[in-house]
Amino acid sequence: EAQVTQNPRYLITVTGKKLTVTCSQNMNHEYMSWYRQDPGLGLRQIYYSMNVEVTDKGDVPEGYKVSRKEKRNFPLILESPSPNQTSLYFCASSLSDGGPNTEAFFGQGTRLTVV
Amino acid sequence: SQQGEEDPQALSIQEGENATMNCSYKTSINNLQWYRQNSGRGLVHLILIRSNEREKHSGRLRVTLDTSKKSSSLLITASRAADTASYFCATDQAGTALIFGKGTTLSVSS
């Protein structure tokens, strides 16, 4: 089954404790991205990756890191989480960006609470 | 950069009625997509319309695109309670990303 898998689904952590949210897709997609969703603000892109070893900042990259060592995985790293990073996070993948095959597949989300 | 803006922010209708949501965007696009999100879940792709298309249908969904006005509309006909969800438009910016609007929350009561 084609899918994007995020882990964990729920996470409560303390300020400053490094954490990683994993994202994996089994569709051989080149393009992957991370979004955060906050009430009243919609989805905002954090980082994206056009392919292996190619990543770039989205609209709200501060406080986040990513890596793309393998095509299928795109982890999101919070080196020193702060309460303003409490949010619902989504990973998405698609075949390409800007062309006709740009249907994005989303993971189920990770609800992160930083206290 | 918020590319798409949906209107209205919230919409409440009765089962069987039609629901219309609008999306406006700012810059030229290659295509525009609509997604659906059930409460707190991941987004699900509904339909994609290319910049050279004016209208597209998929089941009870009808999407229009007016590139001269930089706007799109999503019509859901004969709404059902199961259509209750948030709906987002997303536009592509070549070489960057899918940019989402803030969404329209649709509530369909039986």
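These numbers come from the heavy atoms of this one structure, side chains and all, not from hydrogens, waters or symmetry mates. Here is how names work: the chains are called A, B, and so on, in the same order as the sequence lines, proteins then strands, and each is numbered from 1.
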Q: Just grab all the salt bridge (charged side-chain N to carboxylate O under 4.0 Å, His left out) pairs involving residues 72-85 of chain B, residues at least two apart or on different chains.
A: Arg36(B)-Asp83(B), Arg60(B)-Asp83(B)
Q: Grab the two heavy atoms, one from Glu103(A) and one from Leu48(B), that are nearest each other, plus how far apart they are.
A: N-CD1, 4.5 Å
Q | Choice from His45(B), Gln37(B), Glu6(B) maximising heavy atom contacts with chain A below 4.5 Å | A | His45(B)
Q | Those residues that, when tested against Asp38(A), pass salt bridge (charged side-chain N to carboxylate O under 4.0 Å, His left out) (two or more places apart) | A | Arg36(A), Arg44(A)
Q: Treating Ile, Leu, Val, Met, Phe, Trp and Tyr as nodes and any side-chain heavy-atom pair under 4.5 angstrom as an edge, say whether Met32(A) and Val54(A) lie in one connected cluster.
A: no
Q: Would you kindly confirm whether Trp34(A) and Leu95(A) end up in one hydrophobic cluster when ILVMFWY residues are joined by side chain heavy atoms under 4.5 Å apart?
A: no
Q | Step-by-step side-chain contact (heavy atoms from CB on, under 4.5 Å) determination, Leu98(B) to Tyr35(A) | A | CA-CA 10 Å; Leu98(B) 272 180; Tyr35(A) 294 85; 3.6 Å; yes
Q: Kindly check if the number of other-residue, nucleotide or ligand heavy atoms within 6.0 Å of NZ (Lys65(A)) is above 12?
A: no
Q: Flag the pair Leu43(B) / Leu43(A) as yes when at least one side-chain heavy-atom distance between them is below 4.5 Å, and no otherwise.
A: yes
Q. In the single-linkage hydrophobic clustering (I, L, V, M, F, W, Y; side-chain heavy atoms under 4.5 Å), do Met21(B) and Leu61(B) co-cluster?
A. yes
Q: Just give me the residue among Gly103(B), Ala90(B), Gly40(B) that pairs up with chain A most often, heavy atom to heavy atom, under 4.5 Å.
A: Gly40(B)
Q: Using a heavy-atom cutoff of under 4.5 Å, enumerate the residues of residues 106-115 of chain A that contact chain B, numbered in order, or state 'none'.
A: Phe106(A), Gly107(A), Gln108(A), Arg111(A)
Q | Gln6(A), part contacting chain B, at a heavy-atom distance under 4.5 Å | A | neither
Q. Are Tyr64(A) and Met50(A) co-members of a hydrophobic cluster defined by side-chain heavy atoms under 4.5 Å apart?
A. no
Q: Check whether Tyr35(B) and Phe105(A) end up in the same hydrophobic cluster, where Ile, Leu, Val, Met, Phe, Trp and Tyr are linked by side-chain heavy atoms less than 4.5 Å apart.
A: no
Q. Taking atom CD of Glu17(B) as the centre, does the number of heavy atoms from other residues, nucleotides or ligands within less than 6.0 Å exceed 12?
A. yes
**Q.** Members of residues 69-90 of chain A whose heavy atoms come closer than 4.5 Å to chain B
**A.** Leu88(A), Phe90(A)
